[in-house]
Every structure is written in C-alpha cells, then in structure tokens.
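Here's the structure we're looking at; comments come further down.
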Amino acid sequence: MRIGELARRTGTTERALRYYEEQDLLRPARRPSGYREYVETDVRTVRNIRTLLAAGLNTVTIGEVLPCMVTDGEALVPACPELSTVLLQDRERLTEAIDDLQAARRVLDAIIAGAGSPAARRVDACQPA
DNA sequence: GTTCTAACA
DNA sequence: TGTTAGAA
C-alpha cells in the first residue's frame, strides 16, 4: 500500500510516516516511480510506534525497543527480558523531567505572587503588549 | 489525484 | 510536525 492509505489506516499523517522512515523505524520498499510501498505489518508497527511515542520514548529508544515488542490485542507487551530495564530507565527520565517542570512552576508561582506587592504599583513601567 | 523532496513568516 | 512549492 502507498503512504496515503497507511496514513489513513493508522490515523497519522504522511509527514509523520516519512519521518519514521528517516528515523529508521520503518523500511518501506520503493516502486519504480519512487513511491514508498508499505506492507500489511507496517500498520501494526506504526500503531506501536505511536503508542511508544505517547509513552514519552524518543525515536532512538523506540528503534531499540520496537523489535522486542509483541502486541496482544490492544496492549503492547515486552517480548524480551532486557527490555524492562530500558523501560524503567526511561521512566526515571520522565520522573526527572516532571521534577524540573514542578520546580519551574514554583519559581513562576513566586513571581506571580509578587504581583500583589507595593513594588508592583509602578504602572508606568508597564508596556502594552 | 497522489506522492516526492526540500525548506521555512 | 505543519505546510507549501515545484516536479513527476
């Protein structure tokens, strides 16, 4: 099938599919015309890629993990034992990212709270934006 | 009408 | 990632 059909059947865009190929997540063959030719199993692969992307994994990690994943109906299930460590490591990365964002929010909250102080009365210093 | 590559107010 | 231009 060509890129348009795969995009339709996976709820993605052609742009995304070309990007996945660029990241070596998909290896579609080429027709003499230059058009990409996808196989039936690519439908499932693309769905798995999207699930992993939604889990916050980057394309490099997805490339490593993808071949070790088997789908059980709707669920993606790890098929290799070493996989759990990679996934747990990524979970830590997400936890750190969350901590950083929470710290940023605390700083912003402090600034917002300052809006009520006397120093905030210098309206002449405010630019219309 | 569909896809391709390349590039970015 | 969206979008678009220009070509096949």
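Note: hydrogens, waters and symmetry copies are ignored here, and every other heavy atom, side chains too, is used. Residue numbers begin at 1 in each chain, while the letters A, B, ... track the order of the sequences.
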task = Please collect all side chain to side chain donor-acceptor pair (under 3.5 Å) contacts where either partner lies in residues 55-67 of chain A, sequence neighbours excluded, each pair once.
result = A:Q23-A:T59, A:N58-A:T61
note = DNA chain B in dot-bracket form (Watson-Crick or G-U pairs under 3.5 Å, [ ] crossing, | inter-strand) is .|||||||.
inquiry  = Connecting only ILVMFWY residues whose side-chain heavy atoms lie within less than 4.5 Å of each other, what is the rest of A:L108's hydrophobic cluster?
reply    = A:I112
request  = List for me each residue that meets side chain to side chain contact (heavy atoms under 4.5 Å, CB included) alongside A:S117, sequence neighbours excluded, and say none if there are none.
outcome  = A:A119, A:A120
task = List in chain and number order the residues that pass side chain to side chain contact (heavy atoms under 4.5 Å, CB included) with A:R8, two or more places apart in sequence or in another chain; answer none if no residue qualifies.
result = A:E5
ask   = In residues 39-58 of chain A, what residues come within less than 4.0 Å of DNA chain B, judged by heavy atoms?
value = none
inquiry  = According to side chain to side chain donor-acceptor pair (under 3.5 Å), who are the partners of A:R27, at least two apart in sequence or on a separate chain?
reply    = A:D24
request  = Can you tell me which residue pairs pass the salt bridge (charged side-chain N to carboxylate O under 4.0 Å, His left out) test with a partner in residues 93-119 of chain A, sequence neighbours excluded?
outcome  = A:D90-A:R93
Pairing residues for A:V107 by the side chain to side chain contact (heavy atoms under 4.5 Å, CB included) criterion, not counting sequence neighbours = A:I111
inquiry  = Listing request: all side chain to side chain donor-acceptor pair (under 3.5 Å) pairs with a residue in residues 33-48 of chain A, at least two apart in sequence or in separate chains.
reply    = A:R9-A:E40, A:E21-A:R36, A:R31-A:E37, A:R44-A:T71
ask   = Reading nucleotides 3-9 of chain B 5' to 3', which nucleotides get B (base under 4.0 Å from a protein heavy atom), which S (sugar-phosphate only), which -?
value = SSB----
Return all side-chain donor-acceptor pairs below 3.5 angstrom for residues 82-89 of chain A, not counting sequence neighbours, or 'none' if the list is empty.
residue, atom, partner, partner atom, Å
A:S84, OG, A:P81, O, 3.1
A:T85, OG1, A:E82, O, 2.8

query = Is the closest side-chain heavy-atom distance between A:V77 and A:M69 below 4.5 Å?
reply = no
